[in-house]
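Computation of the quantities below employed the complete heavy-atom set of this structure, encompassing side-chain atoms and omitting hydrogens, waters and symmetry-equivalent molecules. Residues: numbered from 1 along the sequence shown. What you are looking at is a predicted structure, and each value in this text was computed from that prediction instead of being measured.
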Amino acid sequence: MKRLFKVLLLAGMLLTGGNVMADSLKTATFAGGCFWCMQSEFDHQAGVSKTIVGFTGGHVDNPTYEQVSAGNTGHFEALQVSYDPAKVSYERLVEIFWSNIDPLDAAGQFCDKGAQYRSAIFVADDAERKAAEASKVALGKTLSAKLGKPTEIMTEVLPVATFWPAEEYHQEYYLKNPLRYAAYRAGCGRDARLKELK
């Protein structure tokens with residue numbers, strides 16, 4: 001009996017890439033401007049098993065990076081996060097999202113402007129919508145107090161849509177091209193603006 005259990009366990013690990021609890025994973029989708037910069041932040045969170053950069057929210061099937069960059073597909077540059085809800089909550093993922101974007105910018109994020117760089121939280125059900133909306137309201141109050149004036153959170157909360165993975169060279173760009181990534185991030189003023197909002 002023990003041997004049979006070991007065989008079944010091994011088979012399960014092979015089918016799920018070593019994670020026999022793969023069926024318990026959930027997926028969250030966020031758009032926060034340049035997807036290179038979003039991926040690194042979520043990859044370091046305990047409970048996150050995988051992240052994929054890609055495109056969502058538009059009307060073109062299987063879009064290329066060039067198509068989305070042209071701004072005519074309706075897609076956002078986005079990040080899909082696979083996570084274990086027993087180890088990290090959806091609310092925590094939303095916190096990470098907020099702390100890595102400029103929620104006051106409706107035109108894009110940092111030096112990247114255009115429809116594809118808008119920020120959004122894509123929700124899959126009522127629980128996610130309520131969590132996202134509640135955090136959006138709370139953030140608005142916090143930033144209004146910090147900045148000393150009423151502020152409007154421009155980030156949208158939208159229903160989840162088909163997610164199209166980006167080309168392989170975009171995946172984990174910050175690991176594959178660390179010097180270029182660091183130069184881009186610094187040149188874009190991302191960290192400087194994030195510091196202003198904290």
Side-chain angles (χ1 to χ4, degrees), residues 17-19 22 25-84 87-88 90 92-103 105-122 154-156 158 160-198:
N19 183 2
L25 296 179
K26 297 189 70 175
T27 301
T29 306
F30 304 100
C34 173
F35 49 28
W36 296 344
C37 297
M38 294 300 292
Q39 188 168 32
S40 62
E41 306 305 328
F42 284 93
D43 278 350
H44 296 102
Q45 171 62 48
V48 171
S49 65
K50 185 177 182 180
T51 59
I52 303 172
V53 299
F55 316 106
T56 193
H59 53 80
V60 176
D61 289 349
N62 199 27
T64 65
Y65 178 74
E66 288 72 22
Q67 286 176 307
V68 175
S69 295
N72 300 317
T73 64
H75 283 297
F76 295 71
E77 281 199 14
L79 180 73
Q80 192 175 74
V81 181
S82 295
Y83 69 100
D84 182 348
K87 296 180 179 179
V88 60
Y90 180 75
R92 173 57 186 152
L93 298 180
V94 173
E95 287 178 6
I96 295 172
F97 169 74
W98 288 130
S99 67
N100 286 285
I101 69 162
D102 179 352
D105 192 344
Q109 287 292 294
F110 312 102
C111 66
D112 296 312
K113 304 302 180 184
Q116 68 272 29
Y117 294 116
R118 293 168 294 155
S119 61
I121 301 174
F122 291 88
M154 305 307 297
T155 302
E156 298 177 84
L158 301 171
V160 71
T162 301
F163 183 90
W164 304 96
E167 295 85 347
E168 181 58 33
Y169 73 92
H170 288 295
Q171 306 299 333
E172 297 185 326
Y173 187 89
Y174 72 101
L175 293 175
K176 295 174 180 175
N177 301 280
L179 295 180
R180 289 184 181 180
Y181 171 74
Y184 161 76
R185 186 169 180 126
C188 205
R190 191 177 189 105
D191 293 321
R193 177 57 175 162
L194 290 177
K195 188 175 181 180
E196 292 177 357
L197 295 171
K198 288 183 178 178

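Under the side chain to side chain contact (heavy atoms under 4.5 Å, CB included) criterion, A70 pairs with N72, not counting sequence neighbours. For D112, there are no salt bridge (charged side-chain N to carboxylate O under 4.0 Å, His left out) partners, not counting sequence neighbours. In terms of the side chain to side chain contact (heavy atoms under 4.5 Å, CB included) criterion, residue partners of K50 (sequence neighbours excluded) are, by chain and number, I52, S82. Shown here are the disulfide (SG to SG under 2.5 Å) partners of C188, two or more places apart in sequence or in another chain: C111. E41 pairs by the side-chain hydrogen bond (donor to acceptor under 3.5 Å, both in side chains) definition with R185, not counting sequence neighbours. For the side-chain hydrogen bond (donor to acceptor under 3.5 Å, both in side chains) test, residues two or more places apart in sequence or in another chain that qualify with Q39 are T51. Among residues two or more places apart in sequence or in another chain, the side-chain hydrogen bond (donor to acceptor under 3.5 Å, both in side chains) test is passed with N100 by none. Residues that satisfy the ring pair (Phe, Tyr, Trp, His ring centres under 6.0 Å) test with F30, not counting sequence neighbours, are F42, F97. Legend: residues meeting salt bridge (charged side-chain N to carboxylate O under 4.0 Å, His left out) with R92, ordered by chain and number and at least two apart, are E95. For the side-chain hydrogen bond (donor to acceptor under 3.5 Å, both in side chains) test, no residue two or more places apart in sequence or in another chain qualifies with T73.
A pairwise comparison of heavy atoms in N62 and Q67 identifies O-OE1, 4.3 Å as the closest pair. In this structure, G58 and H75 approach most closely via the heavy-atom pair N-ND1, 2.9 Å. The heavy-atom pair separating K113 from Y117 by the smallest distance is O-CD1, 3.7 Å. In this structure, Y181 and S40 approach most closely via the heavy-atom pair OH-OG, 3.2 Å. The shortest non-hydrogen separation linking T56 to A78 is CG2-CB, 3.7 Å. Among all heavy-atom pairs drawn from P63 and V68, the shortest one is CB-CG2, 3.8 Å.
Using a 4.5 Å cut-off on side-chain heavy atoms (C-beta onward), Y83 and Y90 make contact. In this structure, F55 and Q116 have side chains that are not in contact, with every pair of non-hydrogen atoms separated by 4.5 Å or more. At a threshold of 4.5 Å between non-hydrogen side-chain atoms, the residues I101 and W98 count as touching. Contact check for M154 versus D105: no side-chain heavy atoms found under the 4.5 Å cut-off.
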(message) Please determine whether side-chain hydrogen bond (donor to acceptor under 3.5 Å, both in side chains) holds for the pair Y174 and D43, giving the CA-CA distance in whole Å, both sets of side-chain angles, and the decisive distance to 0.1 Å.
(response) CA-CA 11 Å; Y174 72 101; D43 278 350; 2.6 Å; yes

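The CD atom of Q109 sits 5.5 Å away from the CG atom of D102 when rounded to the nearest 0.5 Å. Note that CZ of R118 and CG of L158 are 8.0 Å apart. Values are rounded to the nearest 0.5 Å.
Residue pairs meeting the disulfide bond (SG atoms under 2.5 Å apart) criterion with at least one member in residues 25-66, sequence neighbours excluded, do not occur.
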Side-chain donor-acceptor pairs under 3.5 Å in residues 160-170, sequence neighbours left out?
from : atom 1 : to   : atom 2 : distance (Å)
E167 : OE2    : Y65  : N      : 2.9
E168 : OE2    : K176 : NZ     : 3.3
H170 : ND1    : W36  : NE1    : 3.1

